[in-house]
Each structure stands twice: as C-alpha cells, then as structure tokens.
A.B. asks: 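What follows is a single structure, and I will ask about it in a moment.
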Amino acid sequence: MHVRPRRLRRTGPIREMVRESTLSVKDLIYPLFVKPGSGVRDPIPSLPGQYQFSTDSLVEEVRDIRSKGIPSVILFGLPDKKDPTGSRSYASDGVVQRAVSAIKENLPEIVVITDVCLCEYTDHGHCGIIKDGNVDNDATLEILAKQAVSHARAGADFVAPSDMMDGRVAAIRIDLDNNGFQEVGIISYAVKYASSFYGPFREAADCAPQFGDRAGYQMDPANAREAIKETILDMEEGADIIMVKPALPYLDIIRRVREESLLPVAAYNVSGEYAMIKAAHEKGWIDGTKVMLESLISIKRAGADLIMTYFAKEAADLLT
Ligand code: PBG
C-alpha cells in the first residue's frame with residue numbers, strides 16, 4: 001500500500017499543518033436583543049445563555065464581546081409599542097437607534113450591524129405592511145428604507161435587511177446614498193428560507209406572525225436554484241455581503257452561493273440550531289462544546305466567510 005491517508009492524521013501537529021478550513025474569532029458576529037429600560041438583562045428561556053438587554057447593559061455586554069476579540073454584533077430590537085405599519089422601526093429614539101449610538105459612543109471600533117425588518121415592530125408580526133390579508137411588497141420597501149436610514153444616522157456600519165421583499169436592497173441603497181450614507185454597507189439576507197429553525201428567535205424577539213406564515217415571502221426549503229437567483233439579484237442591487245440563513249440544514253446552499261458570488265458570504269447559525277445543541281447537551285446526549293465547534297467549522301468548510309452565531313462568545317473563549 002503506497003497511499004496511506006492516515007499518515008497525515010498521525011499526530012495533532014501534522015493534522016494542523018494540513019487542515020483545510022479554519023475557524024477564527026474574527027469570523028464571528030454576535031446577535032443581540034435590545035429592549036427599553038435600564039439595568040435590564042432578562043434571560044431568554046428558549047435560548048439558554050442569551051439575554052434581552054436594555055441599552056446600558058448592552059454596552060457592558062458589547063464591551064465584554066469586544067474584549068474576547070469578536071469584531072462585530074448584529075442588533076435586534078424589541079420596541080416599546082407595536083402598530084400595523086411598524087412605525088417604531090424608524091423612530092430616531094427607537095430602541096435600536098439608541099443602542100447603536102450608545103455602542104458607537106463607548107466602543108467606536110466594534111462593527112455594528114442592524115437587522116432591518118418590520119416583524120418585531122408590527123402588531124400582526126409580519127415582515128411588511130398588510131393589504132388585503134397579504135404582505136404588500138412595494139409599500140413595505142419605503143418603510144424598510146426609512147428604517148435603514150435611521151440606523152445609519154445612529155451610526156450603524158452595516159444594515160442587514162431580513163424581510164425578503166423584492167427590491168429591498170436597491171431601495172435601501174438609494175435612500176442611504178440620498179441621505180449621505182454612501183459608506184454604510186448592506187449585508188443582505190439574500191437567501192433566507194421559510195424555516196422552522198427560527199422558533200426560539202420568535203420568542204426572543206416577540207415577532208411570531210399572528211396569522212398565516214412567512215412562506216409567501218421567505219424561500220421554499222426545497223429550492224436551491226432560486227438561491228442563486230436571489231444572490232444575483234441582490235448583488236446587482238448593490239449588496240456588499242450575501243447571507244444564507246439558516247446555516248446547518250443549508251450547507252449545500254452556502255457552497256453554491258460561495259461559488260456563484262464574488263462577495264463575502266455570511267451564514268446565520270440560527271436560534272433553532274443553537275437551541276437544539278444546548279438542549280441535547282443538557283440532557284447529556286451530546287458534548288455541546290464539541291458539537292458547537294464541529295458545526296461552526298462545517299459552516300466555514302461549506303464556504304462561509306462570516307458566521308452569525310449565538311455561540312460566538314463561547315467559541316471565542318476556546319479559539320483565543
Ligand atoms: C426576522 C428575523 C428572523 C430571524 C432573524 N431575523 C425571524 C423570522 O424571519 O421569522 C431569525 C434568527 C434566528 O432564528 O436566530 N426579522
């Protein structure tokens with residue numbers, strides 16, 4: 001036998017030399033939930049180890065995140081009140097807007113991304129404005145663009161539209177530019193599936209749809225070609241980074257998007273992926289830490305450059 005692949009697996013240092021993918025703390029983006037109040041750090045039952053923060057506690061949390069070497073956070077807001085059009089989503093004194101300013105004032109070097117979507121701000125829980133029982137695409141674009149501009153005005157480095165309306169990247173790009181925010185980037189959730197893996201997040205962000213589901217705007221889990229179509233459209237509309245979401249059930253999609261796009265690719269290791277590992281670990285059925293690291297490296301191997309993950313802090317402690 002001339003060829004023995006095991007020679008390259010013989011010792012740890014040899015394995016390290018020939019390792020094809022790497023996971024670095026610099027790849028990680030940490031999702032955070034912000035709500036009104038002060039001194040708030042409410043545990044999220046469906047996401048053990050994750051919290052809803054008021055702005056002041058959030059700044060302390062971001063300081064800790066930064067000290068671990070994690071370069072970036074993405075913010076989700078729980079507004080003081082909801083209405084049919086999600087008007088608190090673009091208020092200059094809204095939860096996310098205030099949180100962004102506070103973070104940038106105290107920790108200017110952390111890269112701040114904001115989620116742009118209406119589901120947390122509408123009383124019906126859909127990601128856009130409802131007309132005749134349906135989410136109205138074009139009426140929603142205006143509000144999304146306003147929300148994006150208000151986040152930029154507060155100091156966001158990137159806005160990340162997660163609503164899946166057609167044409168939102170172009171609409172947001174135009175309004176950002178018209179308001180002098182040419183430098184603010186767009187991380188597009190270009191390929192976002194209508195996934196049941198978002199369950200724990202909907203509890204954390206209080207954004208479950210009050211009727212129907214999101215299948216009329218988020219993608220069908222059975223489709224792969226369509227992911228490329230969405231990627232190409234968002235590239236043409238001016239997205240700076242393309243995101244695939246969820247991550248683990250869609251590694252094939254991450255790979256295809258990586259091959260079709262010249263842009264950096266981000267993957268969102270979503271709430272359900274996190275919660276399942278935590279739950280199985282609690283039951284003693286798996287080693288949660290090892291499964292976490294294996295999951296994250298799989299997402300890198302599939303082709304992601306960046307990973308949004310609730311595991312960011314835990315992973316950072318092991319990587320640095
Ligand atoms: C919607 C949004 C969702 C997530 C991120 N942005 C939920 C949804 O589309 O229903 C899910 C993230 C996760 O599950 O961790 N604005």
Side-chain angles (χ1 to χ4, degrees), residues 28-34 44-52 73-79 82 86 88-90 94-96 113-129 135 140-141 143-144 147-148 151 158-165 168-169 172 186-221 230 241 243-250 266-279 292 295-296 299 304 306-313:
L28 305 174
I29 300 170
Y30 193 38
L32 291 166
F33 301 93
V34 58
I44 302 170
S46 57
L47 292 173
Q50 308 301 316
Y51 303 84
Q52 297 167 336
V73 296
I74 177 163
L75 303 183
F76 297 92
L78 291 107
K82 301 179 189 251
R88 292 301 289 163
S89 68
Y90 53 84
V95 267
V96 167
I113 305 166
T114 57
D115 186 79
V116 169
C117 191
L118 299 189
C119 65
E120 293 129 60
Y121 301 90
T122 52
D123 49 14
H124 46 74
H126 276 287
C127 302
I129 295 182
V135 174
T140 303
L141 295 183
I143 304 194
L144 292 170
Q147 187 185 4
H151 291 170
F158 288 92
V159 293
S162 68
D163 50 282
M164 286 303 275
M165 296 304 119
R168 79 281 175 62
V169 172
I172 289 171
I186 301 178
I187 302 182
S188 168
Y189 289 71
V191 184
K192 178 173 178 182
Y193 286 92
S195 173
S196 300
F197 284 87
Y198 308 148
F201 174 96
R202 290 185 187 166
E203 187 181 311
D206 184 26
C207 69
Q210 299 304 303
F211 65 90
D213 56 30
R214 304 211 202 288
Y217 41 104
Q218 298 180 348
M219 280 177 51
D220 182 339
E230 286 285 3
I241 297 178
M243 183 150 49
V244 176
K245 174 183 177 195
L248 292 174
Y250 298 90
Y268 201 143
N269 178 223
V270 301
S271 58
E273 301 173 49
Y274 174 86
M276 288 194 307
I277 294 176
K278 286 287 173 196
M292 161 187 78
S295 303
L296 296 175
I299 298 168
L306 299 165
I307 309 176
M308 302 205 176
T309 179
Y310 304 96
F311 285 120
K313 274 173 69 171

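Please read all numbers here as calculations on a predicted model, not as lab measurements. In listed order, ligands and their atoms are each counted from 1. Heavy atoms only: backbone and side chains are in, while hydrogens, waters and symmetry mates are out.
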A.B. asks: Which side-chain hydrogen bond (donor to acceptor under 3.5 Å, both in side chains) pairs, counting each pair once, include a residue from residues 117-129, with sequence neighbours left out?
C.D. replies: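 Passing the test, one end in residues 117-129: His126-Tyr217.
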A.B. asks: Using a 4.0 Å cut-off to any heavy atom of Glu120, which atoms of ligand 1 qualify?
C.D. replies: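 Those qualifying, in numeric order: 16 (N).
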A.B. asks: How far is atom 12 (C) of ligand 1 from its nearest protein heavy atom, and which residue and atom is that?
C.D. replies: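 The closest heavy atom on the protein side is Phe201 CD1, 3.3 Å.
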A.B. asks: Hey, is Tyr268 touching ligand 1 through its side chain, its backbone, both or neither, going by heavy atoms under 4.0 Å?
C.D. replies: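 The side chain, only.
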A.B. asks: Specify the closest pair of heavy atoms between Val116 and Asp163, including all atoms of both residues, with the distance to one decimal.
C.D. replies: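 Looks like O-OD1, 3.7 Å.
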A.B. asks: Which residue and atom name correspond to the protein heavy atom nearest atom 2 (C) of ligand 1, and how close is it?
C.D. replies: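 It is Lys192 NZ, 3.3 Å.
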A.B. asks: Around atom 16 (N) of ligand 1, find the nearest protein heavy atom and jot down its residue, atom name and distance.
C.D. replies: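 Result for atom 16 (N) of ligand 1: Ser162 OG, 2.9 Å.
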A.B. asks: Which atoms of ligand 1 have any heavy atom of Cys119 under 4.0 Å away?
C.D. replies: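 So the atoms of ligand 1 that pass are 1 (C), 16 (N).
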A.B. asks: With sequence neighbours excluded, what pairs up with Ser46 under the side chain to side chain contact (heavy atoms under 4.5 Å, CB included) test?
C.D. replies: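 Ser46: side chain to side chain contact (heavy atoms under 4.5 Å, CB included) contacts with Ile44, Pro200, Glu203.
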A.B. asks: With a distance cut-off below 6.0 Å to the six-membered ring centre and an angular limit of 45° from the axis, does Lys192 pair with Tyr268 as a cation-pi contact?
C.D. replies: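 Judged by the rule (NZ or CZ under 6.0 Å from the ring centre, within 45° of its axis), Lys192 is not positioned above Tyr268.
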A.B. asks: Who's the nearest protein heavy-atom neighbour of atom 11 (C) of ligand 1, and how far?
C.D. replies: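 Minimum-distance protein heavy atom for atom 11 (C) of ligand 1 reads Lys245 NZ, 3.1 Å.
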A.B. asks: When you measure from the heavy atoms of Glu273 to every atom of ligand 1, does any distance fall below 4.0 Å?
C.D. replies: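 Contact absent.
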A.B. asks: Work out which heavy atom in Ile186 is nearest to a heavy atom in Pro161; give both atom names and the distance.
C.D. replies: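 Closest approach of Ile186 to Pro161, heavy atoms only: CG2-CD, 3.8 Å.
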A.B. asks: Determine whether Phe201 and Phe33 satisfy the following criterion, ring-ring contact (aromatic ring centres under 6.0 Å, His included), listing intermediate values before the conclusion.
C.D. replies: CA-CA 10 Å; Phe201 174 96; Phe33 301 93; 5.5 Å; yes
A.B. asks: Considering only non-hydrogen protein atoms, determine which one is nearest to atom 15 (O) of ligand 1 and report residue, atom name and distance to 0.1 Å.
C.D. replies: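 Closest protein heavy atom to atom 15 (O) of ligand 1: Tyr310 OH, 2.6 Å.
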A.B. asks: Would Met308 count as a contact of ligand 1 if the rule is a heavy atom under 4.0 Å away?
C.D. replies: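 It does not; every heavy atom stays at 4.0 Å or beyond.
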A.B. asks: In ligand 1, which numbered atoms sit nearer than 4.0 Å to a non-hydrogen atom of Asp115?
C.D. replies: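 In order of number, 6 (N), 16 (N).
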A.B. asks: Determine the minimum heavy-atom distance between Tyr310 and Ser271, stating which atoms define it.
C.D. replies: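 Scanning both residues, the minimum pair turns out to be CE1-N, 3.5 Å.
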A.B. asks: Check Ile113 against Ile187 and note the closest heavy-atom contact, atom names and distance.
C.D. replies: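 So the minimum-distance heavy-atom pair works out to CD1-CD1, 3.6 Å.
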A.B. asks: For atom 14 (O) of ligand 1, what is the nearest protein heavy atom, given as residue, atom name and distance?
C.D. replies: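 Minimum-distance protein heavy atom for atom 14 (O) of ligand 1 reads Ser271 OG, 2.7 Å.
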A.B. asks: List ligand 1 atoms under 4.0 Å from Phe76, heavy atoms only on the residue side.
C.D. replies: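 Under 4.0 Å from Phe76, ligand 1 has these atoms: 5 (C), 6 (N).
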A.B. asks: I'd like to know whether ligand 1 has Tyr274 as a neighbour, heavy-atom separation below 4.0 Å.
C.D. replies: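 No heavy atom of Tyr274 comes that close to ligand 1.
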A.B. asks: Determine the minimum heavy-atom distance between Arg168 and Tyr189, stating which atoms define it.
C.D. replies: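 Scanning both residues, the minimum pair turns out to be NH2-O, 2.8 Å.
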